[in-house]
Participant: 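Got a structure here, written out as structure tokens. Questions coming.
Letters go in sequence order (proteins before strands), and every chain restarts at 1.
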Amino acid sequence: AQSVAQPEDQVNVAEGNPLTVKCTYSVSGNPYLFWYVQYPNRGLQFLLKYITGDNLVKGSYGFEAEFNKSQTSFHLKKPSALVSDSALYFCAVRDNTGGFKTIFGAGTRLFVKA
Amino acid sequence: DGGITQSPKYLFRKEGQNVTLSCEQNLNHDAMYWYRQDPGQGLRLIYYSQIVNDFQKGDIAEGYSVSREKKESFPLTVTSAQKNPTAFYLCASIGDRRDEQYFGPGTRLTVT
């Protein structure tokens with residue numbers, strides 16, 4: 001069975017500091033991994049994905065994520081946080097063995113203080 | 001413009017009534033999804049469909065039903081059997097298994 005864990009309900013950082021939002025996953029095969037961001041009362045917007053290849057993935061708005069197969073993790077990072085990054089962030093996983101089923105984590109609220 | 005539309009944005013119903021949420025896409029995507037979002041619980045998968053006339057239950061399918069008669073449309077019916085139907089409902093689609101999901105703007109359902 002697929003599952004995703006985002007261990008932190010909220011992450012607080014000061015503007016200009018680096019940020020990390022954690023994600024660990026479980027799938028029976030190899031994973032396709034995704035990060036999305038959600039602003040209030042809106043749908044989700046795609047940030048980045050890992051499919052195969054380089055473990056460090058770069059995405060929209062300066063975000064990046066590192067795939068770590070041994071730790072089954074896919075943490076989202078940004079070198080310098082902006083107040084406008086404050087939002088709800090979701091990690092998602094899909095098993096690459098053939099299905100379309102996609103499972104999301106519970107979400108992490110990022111709060112960037114000026 | 002290509003995208004996913006969900007209507008209406010807000011929906012109010014009395015307890016005991018069935019209600020159908022609309023999801024339409026013009027992206028020519030094969031797969032479509034319905035998720036339910038509740039505070040602190042993230043997105044939970046209700047149903048998904050990989051192709052027309054086929055769909056699979058997600059993790060919380062009880063009290064919901066879907067149909068996929070057309071590629072463009074994947075309506076969700078919230079039945080009176082759903083114990084806690086008040087939530088934010090999101091529809092999504094993808095064209096290929098390696099693709100990211102495209103999400104609609106969501107429908108906020110309130111049942112009183």
Participant: Under a 4.5 Å cutoff for heavy-atom pairs, which residue among B/D38, B/D99, B/D30 has the most contacts with chain A?
Facilitator: B/D99
Participant: Pick whichever of B/Q101, B/Q41, B/Q6 has the most heavy-atom pairs under 4.5 Å with chain A.
Facilitator: B/Q101
Participant: I need the minimum non-hydrogen distance between B/D96 and A/F100, along with the two atoms involved.
Facilitator: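 Nearest heavy atoms, B/D96 then A/F100: C-CE2, 4.3 Å.
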Participant: Heavy-atom pairs under 4.5 Å with chain B - which of A/D9, A/N96, A/V4 has more of them than the others?
Facilitator: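 With the most close heavy-atom pairs to chain B, the winner is A/N96.
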Participant: Please state whether the side chain, the backbone, both or neither of A/T108 comes within less than 4.5 Å of a heavy atom of chain B.
Facilitator: neither
Participant: Checking B/L43 against chain A: side chain, backbone, both or neither under 4.5 Å from a heavy atom?
Facilitator: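 Both backbone and side chain of B/L43 come within 4.5 Å of chain A.
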Participant: Compare every heavy atom of A/D95 with every heavy atom of B/R97, then report the nearest pair and how far apart it is.
Facilitator: NH1-O, 3.9 Å
Participant: With hydrophobic residues grouped by side-chain heavy-atom distances under 4.5 Å, do B/F74 and B/V78 end up in a single group?
Facilitator: yes
Participant: Flag the pair B/L45 / A/T102 as yes when at least one side-chain heavy-atom distance between them is below 4.5 Å, and no otherwise.
Facilitator: no
Participant: Could you list which of residues 43-74 of chain A have a heavy atom closer than 4.5 Å to any heavy atom of chain B, in residue-number order?
Facilitator: A/G43, A/L44, A/F46, A/K49, A/I51
Participant: Between B/F103 and A/Y36, does the ring centroid distance fall short of 6.0 Å?
Facilitator: yes
Participant: Take B/L90 and A/R42 through the side-chain contact (heavy atoms from CB on, under 4.5 Å) test and state the conclusion after the steps.
Facilitator: CA-CA 9 Å; B/L90 287 162; A/R42 303 287 294 276; over 6 Å; no
Participant: Step by step, work out the ring-ring contact (aromatic ring centres under 6.0 Å, His included) result for A/F104 and B/Y35.
Facilitator: CA-CA 10 Å; A/F104 282 74; B/Y35 291 91; 5.1 Å; yes
Participant: Is A/R94 in contact with chain B via its backbone, its side chain, both, or neither, using a 4.5 Å heavy-atom distance?
Facilitator: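 Interface part for A/R94: side chain.
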Participant: What part of B/R44 lies closer than 4.5 angstrom to a heavy atom of chain A: side chain, backbone, both or neither?
Facilitator: neither
Participant: Which heavy-atom pair separates A/Q38 from B/F88 by the least distance, and what is that distance?
Facilitator: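 Heavy-atom minimum between the residues: NE2-CE2, 3.8 Å.
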Participant: Looking at every non-hydrogen atom in both residues, tell me the closest pair between A/F34 and B/E100 and how far apart they are.
Facilitator: CE2-CA, 3.7 Å
